[in-house]
Amino acid sequence: MPLASKFDASLVEEKWYAYWMKNNYFSSKPDGREPYTIVIPPPNVTGVLHMGHMLNNSIQDILIRRARMRGYNACWVPGTDHASIATEAKVVARLKEQGIDKNDLTRDEFLKEAWKWTDEYGGVILQQLKKLGCSCDWDRTKFTLDEDMYASVIQVFVDLYNKGLIYRGYRMVNWDPEAKTTLSDEEVIFVEKPGFLYHIAYQVEGSDEQVIIATTRPETLLGDTAVCIHPEDERYQHLKGKRVVVPIVNRSIPIIEDEYVDREFGTGCLKVTPAHDINDKTLGEKHQLEVIDIFNEDASLNANGMHYEGKDRFVVRKEIANELEQLGVLLKKEQHQHNVGTSERTKAIIEPRLSDQWFLKMEELAKPAIDAVLQTEEVALVPAKFKNTYRHWMENIRDWNISRQLWWGQQIPAFYFGEGKNDFVVAVSPEKALELAREKANNPNLMQEDLRQDADVLDTWFSSWLWPISVFDGISSPENEEINYYYPTQDLVTGPDILFFWVARMIISGYEYRNEQPFSNVYLTGLVRDKEGRKMSKQLGNSPDALKLISDFGADAVRVGLMLSSAAGNDLLFDVSLCQQGKNFANKIWNAYRLIDGWEVDNNAPMDTLNESVLNWYEAQFNATLVIVEDHFEKYRISDALMALYKLIWDDFCSWLLEAVKPAYGSPIDAPSLERLKSLFEQNLKVLHPFMPFLTEELWQNMQQRSSSEALLVSTWPKAKDVDESIISSFELTTKLVSGVRNFRKQRNISFKEKITLHLVAKASQVGFHDVLCKLAGVDAIHWEKETPATSGAAFRVESIECFIPLDGNVDAEEERKKLEEELQYAKGFLASVRKKLDNERFVSNAPEKVIEIERKKEADALEKIALLEKSLSTL
RNA sequence: GGGUGUUUAGCUCAGUUGGUUUAGAGCGCUACCUUGACAGGGUAGAGGUCAUAGGUUCGAAUCCUAUAACACCCACCA
């Protein structure tokens with residue numbers, strides 16, 4: 001059956017994906033081969049595919065498919081992340097729609113809802129990855145809340161606690177009043193927002209004087225416990241040791257002195273609210289100030305807020321400003337730009353809040369991870385510029401707040417048995433906890449019911465930081481076959497936005513629990529932006545629907561489109577026209593095959609000599625390109641690798657090889673040529689397969705009947721053979737001659753059908769592929785001349801070869817002269833630039849011999865060219 | 001405020017330790033061609049004082065300094 005003239009991706013994608021799955025090509029088990037392992041950055045379980053996923057999963061699939069073809073035991077472990085805050089927020093929102101408040105449910109009831117949600121939407125994204133062609137070992141799919149994964153996390157928590165690295169502390173944390181949970185520093189996004197700087201007068205006790213403080217948050221004065229001045233501030237020397245009265249609350253508070261105060265900012269006088277500002281808290285501890293918390297969990301005012309109790313902080317801000325104004329103590333309200341911390345997930349403005357939280361000490365843990373990246377390079381960051389960022393963060397690392405006031409996640413395995421500060425134990429199970437608690441409390445009568453487990457769950461990243469180990473069960477059984485075989489993994493492909501959240505922490509846990517790096521290379525992709533350079537986001541609505549792109553262009557085309565412009569670490573400005581280019585490329589390959597497939601074959605003819613020579617050339621060209629492609633892969637320059645192949649196929653294979661080999665219309669091709677051509681085409685399909693898996697498999701299978709062990713994705717990646725450079729340069733000269741003649745035809749408006757005779761002032765041995773030259777340039781004969789023929793005609797040069805074509809007097813001498821003169825001018829300019837160097841004594845004495853030689857050759861070539869041009873001009 | 005990076009053709013980017021580059025690719029653009037694989041095609045062409053200003057050097061897109069614009073990271077002065 002003849003092939004359709006256009007490649008229709010929709011007809012083949014599902015078919016081949018099912019075929020690959022059926023034959024278990026993606027599955028991996030430890031064996032004698034060398035492993036090549038990638039663990040997927042687990043997407044949020046209820047997430048949907050977006051451009052960022054498409055990009056980094058395409059890259060992973062390219063790497064995995066290539067490794068598989070190169071004979072590695074390729075293992076790509078897929079999975080999803082429970083994403084505690086993101087998922088919980090979605091579930092809470094859904095319940096709200098149904099009129100249910102989270103707080104009306106018990107923990108178990110809520111978790112049941114969350115699991116329902118997870119079962120409903122969970123894994124949709126993994127199905128979408130299949131549409132993209134991702135060859136993950138789906139039997140290994142993991143979820144961070146799977147029982148065994150959960151157990152690993154708990155085990156690690158207990159272990160780190162027992163090592164003294166996890167502690168419970170009353171600290172100032174980032175509080176998200178909407179999600180009612182703490183956030184790590186990394187989850188807080190600072191946004192510049194307009195606000196006001198309020199100048200408020202505080203009455204000095206026993207004096208008529210007032211001190212004026214400046215604040216952006218007047219509502220917090222309800223929690224003020226001091227006013228602070230700089231000890232050397234001359235303006236305020238007389239206030240030392242005095243007290244002031246907080247307006248509205250009429251509380252008497254001390255004036256303290258501290259060098260922390262910036263005399264230049266505001267009035268140089270600072271109000272101190274230890275409960276609601278990290279710096280104030282530090283001051284408070286230093287000066288032993290009282291701590292007055294004025295907020296509830298949702299950032300409404302508590303009983304300390306007096307008549308503002310129950311009202312939201314921002315409502316109170318306005319109302320309190322009014323009240324201060326009425327009292328005559330609000331002296332000024334000026335515009336002020338400042339950075340406000342907001343929650344990455346809920347966008348709520350963060351409230352610094354004091355509370356009991358669990359922390360992981362990071363400084364010691366981070367040390368091996370710093371060395372691994374900066375010293376030993378056991379982990380290479382690609383591109384390397386991220387090393388600086390990494391160092392900066394790691395060297396200033398702070399303790400990690402790992403507790404979250406949420407329900408969706410691993411519940412912290414701390415069990416309280418009394419009201420005392422230390423009346424708790426940490427254990428992997430309630431039973432074990434009871435044992436420990438009885439011991440610690442010295443009370444054998446303690447019962448299971450007397451234990452209360454900590455209500456908080458662990459930060460999501462506290463489970464994903466173990467991902468490369470826990471997916472192989474390496475925490476609970478550190479010596480199992482799988483972890484020993486697959487770990488350390490080879491490449492990790494992810495976005496730089498989670499370098500600290502995730503990558504750095506995986507390196508840390510890798511050294512802590514395996515004594516080895518979790519992966520050797522980290523390929524950091526760029527962010528996908530739109531044409532205008534804006535980050536793609538749901539809010540802007542500028543992110544194309546990933547699945548629609550696949551259905552519009554085909555998965556292969558989308559992969560090519562993404563790869564064409566995504567150097568590691570550089571953001572990529574995505575435009576759907578790139579997918580069109582990918583689709584065009586797919587179609588080009590499709591039609592190349594259709595051409596070959598449609599020829600009649602002469603089974604008795606021997607191999608044509610033209611065919612043989614040009615097939616030899618293509619083979620050399622293929623190998624030369626393969627060397628380049630391998631080098632690009634080594635350096636993770638995947639878009640360059642693809643571009644090299646794109647040119648190989650489009651230009652070398654289609655434009656030159658196929659055009660050269662193509663038999664005259666209706667004539668057959670000899671069988672040996674066709675066979676060799678097909679085998680070269682198969683090589684093309686192999687190297688393209690990682691980029692365009694569906695199209696290549698379709699053509700591969702179409703070429704001949706293949707058994708299940710002969711699928712393209714499990715075929716052998718070609719090994720570059722030694723390349724005969726001379727055949728490549730010789731062919732290159734021929735192509736230039738062909739272009740020269742074509743250009744000549746165009747200028748003179750000579751149709752391709754009209755054969756011309758070509759005179760070359762050269763020896764026949766200087767030029768190769770004479771028959772190719774004739775066929776592709778429409779030349780009926782080549783004459784090899786000692787000098788330019790004296791007959792009427794026109795001349796042009798290709799490199800140093802003068803080409804002459806006889807014409808019947810209709811030479812446009814003016815045109816010709818103009819062109820020649822332009823060329824002459826360029827050549828003279830070029831010569832001048834070369835001579836400028838050669839005439840410079842210091843150049844000759846300082847530059848290396850090799851460079852001088854090159855310049856001398858350039859000079860000689862230029863002179864020769866000028867002579868030729870002048871001769872041609874004189875004969876006009 | 002501190003740091004890192006970017007700035008090369010209309011667009012997106014290469015340009016490897018300064019010297020075969022009076023700068024390359026892909027796309028786009030222009031002209032022409034095209035009834036035998038593909039118009040999603042072919043051939044040819046136009047297009048850049050390599051952000052700006054200095055400096056180092058025999059020689060700078062490449063190294064140094066300053067400036068500007070943009071991007072990202074870190075900090076969070078009320």
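Note that this is a predicted model, so its numbers are computed, not measured. First the proteins, then the strands, lettered A, B, ... as listed; each starts at 1.
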Does one side chain, of A:Y646 or A:D651, offer a donor that lies under 3.5 Å from an acceptor on the other?
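Absent: no donor and acceptor within the cut-off.
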For the residue pair A:Y618 and A:D652, confirm or rule out a side-chain donor-acceptor distance under 3.5 Å.
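No, A:D652 and A:Y618 have no side-chain donor paired with an acceptor closer than 3.5 Å.
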Rounded distance in Å - [atom1] ([X]) to [atom2] ([N]):
| X | N | atom1 | atom2 | result |
| --- | --- | --- | --- | --- |
| A:K385 | B:rC72 | NZ | P | 12 Å |
| A:N174 | B:rC74 | CG | P | 13 Å |
| A:K662 | B:rC38 | NZ | C1' | 10 Å |
| A:F500 | B:rC72 | CZ | P | 15 Å |

Has the side chain of A:K746 got a donor or acceptor that lies under 3.5 Å from a partner of the other kind on the base of B:rC32?
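A donor-acceptor contact between them is absent.
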When you measure from the side chain of [X], which nucleotide among [options] comes out closest?
| X | options | answer |
| --- | --- | --- |
| A:R594 | B:rC76, B:rC38, B:rG15 | B:rC38 |
| A:Y665 | B:rA37, B:rC73, B:rG36 | B:rG36 |
| A:K647 | B:rA25, B:rG5, B:rA78 | B:rA25 |
| A:Q581 | B:rA78, B:rA37, B:rC27 | B:rC27 |
| A:H338 | B:rA78, B:rG19, B:rA37 | B:rA78 |
| A:N339 | B:rA75, B:rG42, B:rA78 | B:rA75 |
| A:Y826 | B:rA75, B:rA23, B:rC58 | B:rA23 |
| A:V851 | B:rG26, B:rG42, B:rG19 | B:rG19 |
| A:N591 | B:rU43, B:rA37, B:rA25 | B:rA37 |
| A:R842 | B:rC58, B:rC73, B:rC13 | B:rC58 |

If I pick the [atom1] atom on [M] and the same atom on [N], what distance separates them, to the nearest angstrom?
| N | M | atom1 | result |
| --- | --- | --- | --- |
| B:rA60 | B:rC13 | P | 28 Å |
| B:rU49 | B:rA9 | P | 9 Å |
| B:rU12 | B:rC73 | C1' | 25 Å |

Closest approach of A:T525 and A:G495, non-hydrogen atoms and distance?
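Smallest interatomic distance, heavy atoms only, reads OG1-CA, 3.8 Å.
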Establish, with yes or no, whether the OP1 or OP2 oxygen of B:rC38 is under 4.0 angstrom from a side-chain nitrogen or oxygen of A:Y593.
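No, no such contact exists.
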Intra- and interstrand pairs of RNA chain B - dot-bracket, Watson-Crick/G-U under 3.5 Å, | marks other strand:
(((((((..((((.....[....)))).(((((.......))))).....(((((..]....))))))))))))....
salt_bridge(A:E351, A:R217) N-O dist < 4.0 Å
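Yes.
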How far does CG of A:L595 sit from CH2 of A:W590, to the nearest 0.5 angstrom?
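So the CG of A:L595 and the CH2 of A:W590 are separated by 14.0 Å.
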Cation-pi check for A:Y198 against A:K333: NZ or CZ below 6.0 Å from the six-membered ring centre and within 45 degrees of the axis, yes or no?
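A:K333 over A:Y198 ring: no.
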Trace of the salt bridge (Lys or Arg N to Asp or Glu O under 4.0 Å) decision for A:D224 with A:K271
CA-CA 7 Å; A:D224 282 359; A:K271 72 186 204 57; 2.8 Å; yes
According to salt bridge (charged side-chain N to carboxylate O under 4.0 Å, His left out), who are the partners of A:E257, at least two apart in sequence or on a separate chain?
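By the salt bridge (charged side-chain N to carboxylate O under 4.0 Å, His left out) rule, A:E257 matches A:K240.
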